[in-house]
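Take a look at the structure below.
What you are looking at is a predicted structure, and each value in this text was computed from that prediction instead of being measured.
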2 protein chains.
Amino acid sequence: MAATNVGVVLARYPHGTATVDDFAVVDVETPPLDAGDVLVRNVYLSCDPYLRGHMAPGGSPLGQPITARTVGVVEESRHRSYQPGEIVWGFLRWERYTHVRSGDGLTRVDPALGPIRFAVSVLGMPGLTAYVGAIEIGRPEPGQTVLVSAASGAVGSVAGQLARLAGARVVGSVGRPEKVAHVMRTLGFDAAFDHRVATAAGTDGRGLSEALEQQCPEGIDVYFENVGGPLLEAVLERLNPHARIAVCGMIAEYEQPPEVGPAGIRGLANILRTRSTMTGFSIGDHVHKLPEFVVRMSAWMRSGQVVFPDDIVDGIEQTPAAFVGMMRGDHIGKRMVRVSDDPHPDS
Amino acid sequence: MAATNVGVVLARYPHGTATVDDFAVVDVETPPLDAGDVLVRNVYLSCDPYLRGHMAPGGSPLGQPITARTVGVVEESRHRSYQPGEIVWGFLRWERYTHVRSGDGLTRVDPALGPIRFAVSVLGMPGLTAYVGAIEIGRPEPGQTVLVSAASGAVGSVAGQLARLAGARVVGSVGRPEKVAHVMRTLGFDAAFDHRVATAAGTDGRGLSEALEQQCPEGIDVYFENVGGPLLEAVLERLNPHARIAVCGMIAEYEQPPEVGPAGIRGLANILRTRSTMTGFSIGDHVHKLPEFVVRMSAWMRSGQVVFPDDIVDGIEQTPAAFVGMMRGDHIGKRMVRVSDDPHPDS
């Protein structure tokens, strides 16, 4: 195994918006392998908004590499199911090498199904998350309007494309002007708007409501919720009867400082007025669907019906900046950090 | 037909909490019957919280008798399906006599199934509302905890009893100290608390949260929502995984003056954290279930498994006070106004 290992740890708990100073990149000890253990050389570390929710007392411990999805190569193995050179993904850690006890939680990746980095994105949990929320919970019907927030993110970009495959008219909300074009041209959404521009342009704080009136003239049947906050309030006003809200994330709430607490959401009585349903879901309840999903999604990608742009940052020491930037919305596509050579760079 | 008719109208739209001065009891014209029309002598006028939501511009017109459920006797009929003396209920009006064009929306009531007043309560829409919310949406399992707000009201009192029949532990929130005993002793709830007392007793505004910790020590699996506001916020903190919130009403939101607007609900991210579902429903989507429901519910009542106390006020001129008092929580059981003699007083 490698003589030295490096990990990304929390130096302190972020207060409100996370900053690079909340993290440190440090040398970490990696113990020798016991029987059953596996050493994984991480290739891609995944940066996902949900991680911010764990960066609080009671969540990720300070000073220890942060648990996150990674995909990598088996470097050494004392586990009979894993051989050196095989590709695996798991909830490992933001570090160069991860020592996996008893092979716990590793899943083998088939490089024939697509680039191995997709194992932590479109062919992995984020892709399945999009499917469960947009299709299983959202149940879009042809011609219905589906609104996706954080539409250019790893989950949102797939959610919108899947809803469109189901025949819906898909509208994306994004946080940067250049993402409007990305979501429409690259991802094929029917419409998109920048929620920051809309908020600033509105009169009497009605900017988001006005944007939704324009972009969703026939109301909203399905809302794929990643953000919470003022956009959710505007959506509530515009729900069609029997609308479905699939709550995948509420990024606006994670970054509230604890003494402020999550802001109140006004207009919840619209759920009653429209006889709508709001369903929170967590992919942990759906992992058993992953093998079948990967095969279907891989076919959609090979046929070009779903595309998936990556946003790759190189170098483990860039991980804090990559994460903080992603929370700020700097990325277009799935943000991940490449920390060693990809053995299948052309797949 | 009667020479004179009297109706209860809106004199002006209530601002915030409704007062008796928002109403007037006036003489109203009742035109002669055309072919197909029916004249109903109302016996019971129903007072329900949802009516407050209609008492706003765009809802009930000023100066016209308020549309509400009533049960009464066919006084005259030029409709071949209805004969004088038959008992009917419908969305008629708060008036002594209602002239029903083409018999629209009348439903015949079988006095053998129970007191005729039950047609606008436990054997009618409120009863079915309780069933849909508590059983179909709530899906309580034996041993799970079901919390019912407005637990002594027409809907809540049935919702709790049905959840208890399904094997759940049922907790009621009520708005007056004497209702705690009523809900536990008369209705058979396992526990109950007065949300006003709890709010006042708490430290740092945590009174409702503390009450729920005490009353629902194993968390909340089903919440039958009638009120919204601070109780909903406290419930969100205490949801068990995969909890179900059946949103039947949000009385706290109807009485907000429009310039204030509904208050924001904090902690909605708990829906995500617990992978719970919040479903708004309106009984209008479920009326086709009423005939089958009435037969089942009538059997539960005859066997004593469900009880249903009434709260009857006499005299049409008392209707405004009866309604305003009900919104304030003065009643125990189903609030209705008797405006003429019940032809089946002993059934």
Side-chain angles (χ1 to χ4, degrees), chain A residues 49-50 52-54 56 59 129 132-133 137 204-206 225-230 232-233 235-237 239-256 260-286, chain B residues 49-50 52-54 56 59 129 132-133 137 204-206 225-230 232-233 235-237 239-256 260-286:
Chain A
Y50 80 87
R52 175 66 185 84
H54 297 190
T129 300
V132 168
I137 296 173
D204 298 331
R206 306 253 327 138
E225 165 67 300
N226 277 310
V227 301
L232 175 56
E233 292 187 346
V235 167
L236 288 170
E237 291 174 3
L239 292 178
N240 282 337
H242 302 288
R244 287 81 66 196
I245 300 178
V247 184
C248 172
M250 283 196 170
I251 197 168
E253 308 229 335
Y254 311 150
E255 291 217 322
Q256 290 286 342
V260 174
I265 297 292
R266 288 166 298 181
L268 212 55
N270 288 301
I271 296 273
L272 173 59
R273 181 180 58 79
T274 59
R275 297 97 78 205
S276 293
T277 295
M278 176 181 289
T279 304
F281 70 105
S282 166
I283 204 58
D285 294 329
H286 302 271
Chain B
Y50 80 87
R52 175 64 186 86
H54 297 189
T129 300
V132 169
I137 296 174
D204 299 331
R206 306 251 329 136
E225 166 67 301
N226 277 311
V227 301
L232 175 56
E233 292 187 346
V235 168
L236 288 170
E237 291 174 3
L239 293 178
N240 282 337
H242 302 288
R244 288 81 66 195
I245 300 178
V247 184
C248 172
M250 284 197 170
I251 197 169
E253 309 229 335
Y254 311 150
E255 290 217 322
Q256 290 288 341
V260 173
I265 298 292
R266 288 164 299 180
L268 213 54
N270 289 301
I271 296 273
L272 173 59
R273 181 180 58 78
T274 58
R275 297 95 80 206
S276 293
T277 295
M278 176 181 287
T279 303
F281 70 104
S282 166
I283 204 58
D285 294 329
H286 302 271

ask   = Is there side-chain contact between B:Leu232 and A:Leu268, with at least one heavy-atom pair below 4.5 Å?
value = yes
task = State the CG-CE distance between A:Asn270 and B:Met250, to the nearest 0.5 angstrom.
result = 9.5 Å
key: Test item: A:Met278 and B:Thr277 side chains (from C-beta on) under 4.5 Å apart, heavy atoms   = no
request  = Flag the one option from A:Thr274, A:Ile137, A:Asp285 with the top tally of heavy-atom pairs under 4.5 Å to chain B.
outcome  = A:Asp285
Portion of A:Ser276 that has a non-hydrogen atom of chain B nearer than 4.5 angstrom = backbone
A:Ile265 side, atom CD1; B:Ile271 side, atom CD1 - distance, nearest 0.5 Å = 11.5 Å
message = Heavy-atom pairs under 4.5 Å with chain B: which of A:Arg273, A:His242, A:Glu233 has the most?
response = A:His242
note = d(A:Leu272 CG, B:Thr279 OG1) to nearest 0.5 Å is 11.5 Å
message = Would you compute the distance between atom NE2 of A:His286 and atom CZ of B:Arg275 and round it to the nearest 0.5 angstrom?
response = 8.5 Å
